[in-house]
Colleague: 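One structure coming up, written as structure tokens, with questions to follow.
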Amino acid sequence: MVTQRAVPVGGPPSLDSFVKSITKIEASQVPGMVDHLISLLKRRQIRGSRNTAVATANLLMRVVSATKWSHVDAIISKIREIGRRLTRAQPRELAVGNIVRRVLGLIREEVENDSPPPSASLPAGTTLSLQSAHSTQGGVPAAPLGQPSTSMFSLLSQNPTPQKDKSSHSSKNIKAGIMEGIREILDELSTADDLIAASALEHIHSNEIILTMGYSVTVQRFLLRAAQKRSFTVIIAEGYPNDQDKVHQVLSGDPDSPGNSQIAEDSHLTFQQTLTRAGLIVILIPDSAVYAMMSRVNKVILGTHAVTANGGLVAAAGAAVISKAAKEHRTPVVVVAGAYKLSPVHPFDVEGISEHGDPGKAVRWEDADMVESCDVVNTLFDYVPPNMVDLYITNLGGHAPSYLYRIVADHYRPEDVSLDG
Amino acid sequence: MSEVKKASEGGQPQFDILKHYTNLLLTDSEITMPVAAIESLVALVDACQATTVSEFISIIEGGSDTLKSSVSNAISLSAGCDLFMRYIIQTLGNVGDIASCRDYLRNNGRLFVQRAKDARRRIALLGVNFVRDGMTVLLHAFSRVVIALLLEAAERGVRFKAIVTESRPSGLGKRAARVLRDKGIPVSVVSDSATGYAMGKCDLVLVGAEGVVENGGIINALGTFQLAILARSAKKPFYVVAESHKFVRLFPLSQYDLPFDQDIITYFTDDEEAARVEKEKEEKKLKNIPEALARNDGGIGGDNLNRAWGERPLVDFTGPEFITALITENGVLTPGAVSEELIRIWH
Amino acid sequence: MADSKSPPKTLDVVVSSPKSASSEATPQSPANPTNAQNKQQSGKQKGQQQPKAASKPDAAAAPAGEKKLSAKELKEQKKAEKQARRAQAKGDAAKDGGPAAGGPEGKPQPQQQKKGGNAPQKGGQNQNAQGGQQHRKGGHQQHHTQGPSAGASKTVDPAFHHLDSTKEVALFKHLEDTKKKREISDGLVPTEGIHPSVIALGLKMITYDICGSVARLVATLLAFKQVILDYTTPPGASLNRDLNHHLSPQIQYLNAARPNATAVRNAIRWLKVEISSSPIDITDSEAKARLTDRIDAFIQEKVMAAGRVIAESAAEKIRDGDVIVTYAKSAVVQAALLEAHKRGKKFKVCVIDSRPRFEGRNLARTLGTAGIDTQYSLITSLNYIMTNMNVTKVFLGAHAMLGNGYLYSRVGTAMVAMMAKDTEVPVIVLSESIKFTDRVQLDSIVQNERAPESELVISAEEEGDASGGLREWEKVKNLQLLNILYDVTPASYINTIITEYGSLPPSSVPVVHRLSTGT
Amino acid sequence: MPPHDSQKPKGPAGKEEEDDSFILQAVVLTDSFERRFRPITHETPRCLFPVANTPLINYTLNFLADSGVEEVFLFCCSQAEKVEAYLKTTKWMGDGSPFKKFQIIVNQKLTSMGDAMRELDGKSLIKGDFLLITADVVTNMVIGPALQAHRARRAKNKDAIMTMVLRESQSTHRTMDRGDKAIFVLDKANGRCLHYERILPDRQRPFLSLPAEVLQAPTISIRDDLLDCYIDICSQDVPALFTENFDYQHIRGHFLHGILQDYELYGKMIHCYITRKDYIARVRGLQTYDAITKDIVSGWAYPICIDHNLFDDMDYTKTRNHIYRENDVTLTRSTLLKPNTVVGAHTSVGENTVLSGSVVGRQCKIGENVKVDGAYIWDHVEIGNNCEVGKSIIANNVVLGENVRVMPGAVISHGVCIAPGTTVYGDYSITTTNGPDAEEEQETDAGVVGEGGKGFLYEDSESDSDEIERITASRLPRQKRTALLTIMDDSDSDSSYVSSSDESTFSEVSSASASRRRAKKSKQKSRMSINTQRSDYSATSNEDDPDESFFKEAYSSLLTALEANHPVEVAALELNSLRMSSNASFDLVRRAVATAFVAQIGRLTSGVKLADVKDIVLAFASQWHSLAKRTVFSRDDQVELMLELQKASLGLGKDLGTRVFAYTLQGLYNDDVLPEEAVFAWQKHPKGHLNNGQEVRSIADQFANWLAEAESDDSGDEEEEEDDEEEESDEE
């Protein structure tokens with residue numbers, strides 16, 4: 001049974017209610033909470049990479065603290081198991097898998113720090129360091145990376161011997177460390193946007209015309225930061241039919257207009273601080289006018305839902321066309337995304353990425369004839385191939401598409417890339 | 001096979017590495033050249049009684065040189081040799097003395113071939129995700145690992161079709177087609193000149209690689225290059241499937257910057273042409289390859305024998321900018337990632 | 001139905017029976033700017049009836065006149081041609097005044113040309129409100145049926161009060177302010193000398209009740225026919241000179257209402273030539289009869305016939321198993337698809353659409369109910385459609401074909417064409433040659449037309465409970481809305497243009513333009 | 001402002017979270033007390049029907065879970081054991097269930113929603129406002145705003161006892177149940193429901209008559225475009241009211257109707273919450289089953305999508321054009337899946353088989369060269385080679401031999417076997433059982449299922465087949481569809497016949513007391529009649545008294561029925577639908593019946609010797625008594641009836657009239673329509689003695705006295721029992 005009111009009366013369950021309730025539950029109810037999060041993901045009631053990431057991190061923290069394990073492999077396999085189920089619940093929320101992998105990395109790290117250094121005969125494994133995730137400058141940690149050397153020699157050297165028995169260090173010793181690590185992940189989630197915004201001035205100059213699309217807290221922060229020093233113009237494509245509500249409300253900045261319930265979930269978004277109030281000229285255009293305007297645009301700045309291992313984007317529907325239009329006009333495309341959005345997963349099934357949303361947003365369901373005679377398609381996401389992007393800005397700094405693979409590799413242990421099996 | 005010995009100069013008198021290598025290839029059609037090379041080098045190490053490190057090293061170097069020189073283009077072969085070399089040096093670095101190193105190799109020696117096949121299997125399992133129901137895949141030449149990947153997909157009931165280019169002059173496309181058709185996969189073999197026409201009808205291009213070079217580009221059977229260009233212009237994903245032991249330390253700047261010559265473009269007038277044909281016959285005789293096998297009819301035996309005799313199919317170079325990603329046993333890598341891996345083992 | 005001010009004791013009824021539903025679609029519903037098709041039909045009907053009604057009086061005279069004068073006619077023709085060609089030359093020469101450089105007359109010409117020349121520049125920045133209102137009402141009626149209540153929403157009218165300069169998008173400042181437009185709709189513009197039918201037409205255009213260049217073309221010509229019929233040559237003047245003077249204020253009036261569509265401009269140019277080349281030695285009534293007949297003939301030939309021909313040859317191009325993408329709604333594209341369906345072709349149509357006009361919905365509904373396998377999605381889903389639906393052809397309508405082979409059409413068209421090019425799908429433009437112009441343009445900003453920003457505000461009705469976010473947008477400082485009507489598609493995206501003269505590459509647009517106007 | 005606007009939630013649906021005291025309860029009925037889905041429902045209760053391969057009830061419970069419902073009370077009657085058994089296997093009852101409390105209340109005797117509510121009231125399980133819903137609703141709505149609106153209203157005014165959740169739609173929409181449409185008259189200001197009227201196509205006067213009070217609202221809106229899925233937010237008073245009015249059965253037809261009608265009496269108000277963005281639909285008949293499945297497959301119910309795998313053990317993946325495949329589906333290279341197709345796990349499909357617009361369940365075997373178009377195939381079905389299956393329902397474990405053709409519209413129930421080469425026609429619905437309450441099992445009808453087949457035609461299937469007319473209908477393009485609408489419409493009338501649970505019980509709506517109130521009211525009633533057939537509701541007022549016109553209509557139709565010797569129930573149905581369409585009081589009905597009876601008897605007896613009259617009359621009475629019975633429910637009614645008869649008999653002149661009246665009484669007495677107490681009551685009743693009433697009562701008086709002497713007491717509460725029987729047959 002789930003604890004006190006995981007779902008607010010009248011529903012729908014929200015991130016807040018989930019986080020609230022998860023802190024209250026006792027150990028016995030953890031499995032229930034896992035199921036709960038899974039169904040929330042399935043019903044798309046927690047959506048967006050930040051929200052899902054926060055939810056996942058909180059859940060895992062609870063799981064770690066609640067479970068007793070004698071052997072560290074137990075907790076690892078347990079978390080992998082949970083991760084598997086979560087990612088299958090909503091395959092397109094890559095952030096979920098990312099957090100799970102990060103946590104796994106944490107645990108392994110704790111274990112290794114806890115145990116004598118690995119014998120020299122084995123190539124030293126990377127220590128995935130969270131510092132790297134935090135250091136704003138120069139992405140790569142100096143630490144030698146185990147993955148490549150092992151990979152090349154995999155043919156010759158014997159496969160890394162199975163983990164030495166770790167029952168030696170009881171859960172006690174490392175649990176604290178893991179919890180600490182997860183907490184760090186959580187505040188990385190909250191600080192990412194500011195770190196990204198820090199580099200705003202390097203990319204936006206006075207009197208430029210910036211085009212962006214839909215609604216992204218990261219982009220908003222980025223632009224606001226630049227607005228402190230420079231005055232420029234922002235053109236916003238409204239992202240009809242899935243984002244325009246948020247866009248409109250955020251622009252006109254009235255928090256008590258209906259439908260802000262969803263936005264409220266992005267708790268740290270303030271309505272006082274809108275682009276227009278920051279003195280920027282904001283031009284709102286329908287998505288159809290993007291190409292027409294592009295000839296006058298200096299930069300396109302896009303937020304994204306997730307970034308795949310090869311540097312491709314899973315972004316709000318429309319992004320692909322916009323970046324294509326930018327390419328046609330030789331306009332640089334800059335993508336701002338927190339490192340937690342970088343996923344080690346390769347986009348095998350590009351078509352599968354574009355989830356079909358509610359057609360009712362494109363055509364009202366009352367419209368009997370349309371419903372009857374047409375197939376109405378409303379996709380939520382676009383896959384944007386890496387060659388469409390000129391620059392990525394994460395909380396680790398700016399990266400060329402070709403180098404992104406490394407940033408990704410830094411964040412995850414090779415053995416955790418696949419959660420299956 | 002006595003001629004073989006003659007053909008090979010250098011190497012250890014008491015151990016004929018080239019012979020060993022040749023037999024490996026002949027006996028096991030699944031084995032690839034680099035693995036065979038490594039295998040033979042291990043045998044060599046096993047055999048040699050070197051006492052000092054330098055001696056030890058030089059013997060191995062000698063062996064690998066022998067192998068390299070034995071074939072017309074030694075890309076994948078040298079990939080194996082160099083890798084081994086690199087490994088020995090590092091291991092020596094770690095485990096001081098020769099003896100323990102040799103012991104280690106002796107103990108693991110027999111595993112290499114197996115590991116190579118495991119790698120192929122891993123790639124198949126990884127890459128199978130790229131092949132989806134109802135897709136059409138475009139293939140070039142014959143790559144064991146690509147075939148393995150496709151068979152895995154067929155195994156899983158994925159309903160895909162394949163278009164295979166004849167890939168003259170080797171004509172290995174026919175062979176690929178045969179293998180796939182055996183497994184009930186509908187295959188269409190098109191002449192190389194039809195590649196551009198066929199490109200529009202496929203969803204995905206899969207090629208193997210002789211060698212993966214430092215900038216993430218590949219060296220592969222002649223025709224790969226044009227395939228890649230067509231794929232890019234048609235916006236079709238172009239994937240390279242290759243085990244990481246094919247990564248080779250080489251940085252070709254263009255087609256004509258390969259470390260060996262291939263007489264692909266040869267100008268002749270009539271009589272010269274006639275003369276050339278004669279000469280070729282002679283050479284074949286000299287190496288006494290039975291006519292039947294000499295023809296690259298894509299016959300399995302033939303192919304292996306050719307490999308054994310170092311008759312490599314002609315190759316060209318495809319730059320990284322054409323490659324969507326490389327599917328290796330260590331995951332799906334961008335060209336950038338490949339060069340990093342190479343950089344890392346050499347520095 | 002949201003209306004606090006509605007008088008008490010009103011009984012407002014919401015019923016959607018099949019009948020009422022269908023009645024929505026019929027042309028009668030004035031608030032339905034999107035279905036140009038219907039407008040055109042009604043246009044057609046007029047086109048058929050009018051001539052009868054009109055040419056009744058001198059039904060006998062006209063043909064007789066034809067025969068008698070045929071020899072003279074020829075000469076007139078010749079003269080007209082020469083003048084036309086000269087005019088053409090002038091037009092080309094006068095780079096700026098290109099568009100409407102026409103009217104091959106002597107004295108009054110220059111100044112008149114000026115006006116003509118300026119005309120196109122007059123763009124619509126924040127157009128008359130009623131337009132917006134009407135329009136929203138229209139859209140709103142479409143998707144949920146609340147006839148009367150919608151009427152009620154005709155209260156405060158955001159676009160009526162003049163927007164302060166901060167609300168004007170700098171990039172489009174050059175599109176002339178359209179105070180004139182508001183004045184017209186407010187009836188502030190002096191209308192003496194303007195023919196009632198023209199005034200009516202002007203208002204209809206402002207409200208987008210007549211929309212789509214072909215529909216506007218037909219409507220304009222019919223209006224002018226009326227003008228001509230009611231015209232009498234003042235003593236001491238000759239019809240072939242004076243009538244043009246008489247027409248020009250009418251033309252300006254229309255142009256102020258909405259910048260004349262290329263097709264309209266071309267037609268007007270033709271008409272002027274016709275008028276000025278009408279023989280001197282025939283009576284007014286004969287001349288008028290001749291002109292009206294010409295107009296009818298013109299409509300028949302350049303619009304009706306042309307449309308039919310294009311539809312048929314486009315239908316030819318469709319194969320079984322095709323997946324055809326089209327954008328927004330073009331009458332001739334719709335005709336082509338229906339034609340192909342009639343011929344038993346098995347194909348699928350993906351209609352791409354966009355805010356705020358949603359013209360595509362009508363198309364999709366029409367095709368779907370006609371039994372064609374139809375898919376409808378908005379422009380944000382464009383990438384998905386182009387990359388996953390195995391699209392084989394893209395059909396696009398045109399507002400104008402520019403002299404440099406670029407396509408000037410509903411905003412968004414360029415993106416569709418671009419993606420098509422990217423995925424190597426042939427892009428086929430269907431356009432009557434009357435839409436061709438020698439004007440050239442490289443981007444969508446130098447020349448465009450602005451529709452009322454108010455259209456972009458999503459009313460609570462449209463979106464159910466949600467949204468209404470932009471209700472107070474005008475109060476938000478620094479926030480600007482931009483609602484342009486057209487964009488320009490580079491020739492490089494276009495594979496072929498199907499006209500009544502057959503298929504041709506973009507490069508041949510000027511050639512055809514000369515052929516069709518020159519002769 | 002439209003109701004939903006005025007009730008817009010202030011902010012996020014968190015308002016409630018403050019008062020943790022409030023616990024949201026839900027009452028779920030698994031039974032619809034209809035028989036639309038016969039014969040399939042003999043074996044699977046409706047709430048377990050697979051919709052897109054998921055048992056229907058899951059959608060409803062999923063909705064409740066999302067709405068933060070913590071306590072669920074599930075009422076089951078028919079096939080309760082199956083429902084319970086299933087639920088035990090789901091997460092709803094397992095641990096990790098989103099509900100704190102999940103109680104299944106089984107009661108085989110429930111015959112209507114009314115009974116359920118009464119039982120609920122009896123059990124006093126309800127703590128506060130609760131959600132009333134049937135287990136066949138599919139929705140993605142967020143109840144929060146509606147709930148808040150309701151509770152806010154409650155807080156202000158205790159009498160706002162119920163909020164009906166309605167979805168704005170179009171009367172032509174495929175999810176609109178053609179059998180049960182209604183017109184809502186709302187006060188636009190606050191969304192209060194002022195008047196409710198079911199639309200029974202044909203059989204109805206094209207008029208909507210509104211009581212005067214309705215017009216006191218400043219602005220009213222009259223809507224036929226509201227999709228009513230019977231989702232109600234109720235306060236405790238609602239069950240209480242049901243108990244108070246033992247005769248309320250149907251929540252709309254009786255309860256709503258009654259409460260609105262007797263506003264003076266109860267002073268309770270019922271409001272509507274109209275939503276425009278949520279998906280709400282309810283599986284009523286096959287037509288809606290078809291429509292809803294389509295909606296789900298093509299994503300209209302987002303996020304309730306098949307590939308979201310919302311429910312336990314689902315594992316679907318979606319590919320373009322709405323093609324869903326669950327894991328481990330075996331297709332051959334030549335198998336073709338056309339758009340809008342769902343294939344369940346472990347199903348195998350043979351070479352050259354084409355599936356389009358169909359849902360195929362789990363563990364099915366479909367042979368080679370099979371064409372399946374728009375069919376709903378449940379689990380464990382085997383289809384032989386070269387079959388052709390049109391739009392139809394094929395339930396679990398059905399076997400189709402080779403070369404079988406199933407025409408669009410057919411229904412093939414559980415376990416039926418169709419022999420090779422047989423053709424199943426569109427109006428067939430084939431079953432292997434007549435249900436648990438069937439007396440003896442019927443044996444296979446080879447004529448239908450072919451030699452070696454198994455199963456027979458289901459009898460009262462006309463309704464179902466009509467229903468299917470509709471499921472086939474909704475695919476056609478518009479023009480044809482409208483044409484078809486007409487077909488549907490007359491089928492609807494049957495459907496109202498089918499849900500005859502209403503008929504028999506509906507008549508109880510206004511017990512005599514109520515009816516008298518109405519009679520009084522109807523005098524000072526100003527009328528506004530609105531034409532429901534044309535869409536323009538002109539607010540003209542017509543003077544002619546509908547009571548009068550009703551009486552005429554009823555009388556004549558009855559008379560013809562009596563002459564033509566129609567079966568009693570047909571006549572009853574006719575009369576009843578007439579009454580409902582025109583909201584006539586029962587006094588009128590009785591009057592009509594009485595006059596018709598007497599008139600008919602008059603005809604029969606004209607020219608016969610007075611001696612023979614008795615037999616004729618008694619015979620007549622015994623044939624038609626049940627008709628009379630349907631018009632009387634209380635002592636007063638019975639007396640009324642007698643008075644009417646008496647009045648009517650006058651018309652026949654003294655001699656004949658006296659006899660006819662007396663014997664009719666006697667006949668009705670024999671047939672338990674009139675217990676003797678009633679007769680006594682009549683005897684004393686003043687009206688009977690008025691003016692010339694005397695003329696015809698002589699013999700009747702003797703009869704009454706005779707009764708008084710003979711001390712016989714039979715006639716107890718057969719009434720109820722009999723009703724029960726009638727309804728029993730209506731359960732699913």
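Just so you know, these numbers use all the heavy atoms, side chains as well, and skip hydrogens, waters and symmetry mates. Lettering follows sequence order; numbering is per chain, from 1.
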Colleague: Does any backbone or side-chain atom of C:Ile484 lie under 4.5 Å from a heavy atom of chain A? Answer side chain, backbone, both or neither.
Modeller: side chain

Colleague: Can a donor-acceptor pair be found, under 3.5 Å and without considering hydrogens, that links the side chain of C:Arg410 to the backbone of C:Lys329?
Modeller: no

Colleague: Could you have a look at A:Ala362, A:Gly279, A:Ala320 and say which one has the most heavy-atom pairs with chain C under 4.5 angstrom?
Modeller: A:Ala362

Colleague: Does a side chain donor of either A:Gln90 or A:Glu355 reach within less than 3.5 Å of an acceptor in the other side chain?
Modeller: yes

Colleague: Counting heavy-atom pairs under 4.5 Å with chain C, which one of A:Val321, A:Ile281, A:Asp287 comes out on top?
Modeller: A:Val321

Colleague: I'd like to know which of A:Met293, A:Met213, A:Met294 tops the heavy-atom pair count under 4.5 Å against chain C.
Modeller: A:Met293

Colleague: Verify whether one side chain among A:Asn378 and A:Asp358 offers a donor that lies under 3.5 Å from an acceptor in the other.
Modeller: no

Colleague: For the interface with chain C, which of A:Ala292, A:Ala319, A:Ala325, A:Ser295 has the highest count of heavy-atom pairs at distances below 4.5 Å?
Modeller: A:Ala292

Colleague: Below 4.5 Å, heavy-atom pairs only: which of C:Leu479, C:Ile379, C:Thr489 has the largest tally toward chain A?
Modeller: C:Leu479

Colleague: When you compare the side chains of C:Asn483 and C:Glu455, does any donor N or O come within less than 3.5 Å of an acceptor on the partner?
Modeller: yes

Colleague: Which region of A:Tyr383, side chain (C-beta onward) or backbone (N, CA, C, O), has a non-hydrogen atom less than 4.5 Å from a non-hydrogen atom of chain C, or is it both or neither?
Modeller: backbone

Colleague: Going by atom types only, do A:Thr379 and A:Ser354 share a side-chain donor-acceptor pair under 3.5 Å?
Modeller: no

Colleague: What part of C:Leu171 gets closer than 4.5 Å to chain A, counting heavy atoms only: side chain, backbone, both or neither?
Modeller: side chain

Colleague: Give, as side chain, backbone, both or neither, the part of C:Val411 having an atom under 4.5 angstrom from any heavy atom of chain A.
Modeller: both

Colleague: If you tally heavy-atom pairs under 4.5 Å against chain C, which of A:Asp382, A:Val384, A:Ile285 wins?
Modeller: A:Asp382

Colleague: For A:Arg47, does its backbone N or O pair with a side-chain atom of A:Asn51 as donor and acceptor, under 3.5 Å?
Modeller: yes

Colleague: Could you tell me whether C:Asp443 and A:Arg296 have a side-chain N and a carboxylate O separated by less than 4.0 Å?
Modeller: yes

Colleague: Given the ring of C:Phe358, does C:Arg361 sit roughly above its face, with NZ or CZ under 6.0 Å from the centre of the six-membered ring and within 45° of the axis?
Modeller: yes

Colleague: Give a yes or no answer on whether the side chain of A:Ser49 reaches the backbone of A:His305 with a donor-acceptor pair at less than 3.5 Å.
Modeller: yes

Colleague: Among A:Ile235, A:Val363, A:Leu275, A:Leu284, which residue forms the greatest number of heavy-atom pairs with chain C at distances under 4.5 Å?
Modeller: A:Leu284

Colleague: Contact part of A:Leu280 toward chain C, heavy-atom cut-off under 4.5 Å: side chain, backbone, both or neither?
Modeller: backbone

Colleague: What residue, out of C:Thr374, C:Asp487, C:Thr413, C:Leu367, has the most heavy-atom pairs lying under 4.5 Å from chain A?
Modeller: C:Thr374

Colleague: Given that the side chain runs from C-beta out, which part of C:Ser354 has a heavy atom under 4.5 Å from chain A: side chain, backbone, both or neither?
Modeller: side chain

Colleague: Would you say A:Thr304's side chain and A:Val314's backbone share a donor-acceptor pair under 3.5 angstrom?
Modeller: yes

Colleague: What part of A:His329 is in contact with chain C, defined as an atom under 4.5 angstrom from a non-hydrogen atom: side chain, backbone, both or neither?
Modeller: neither

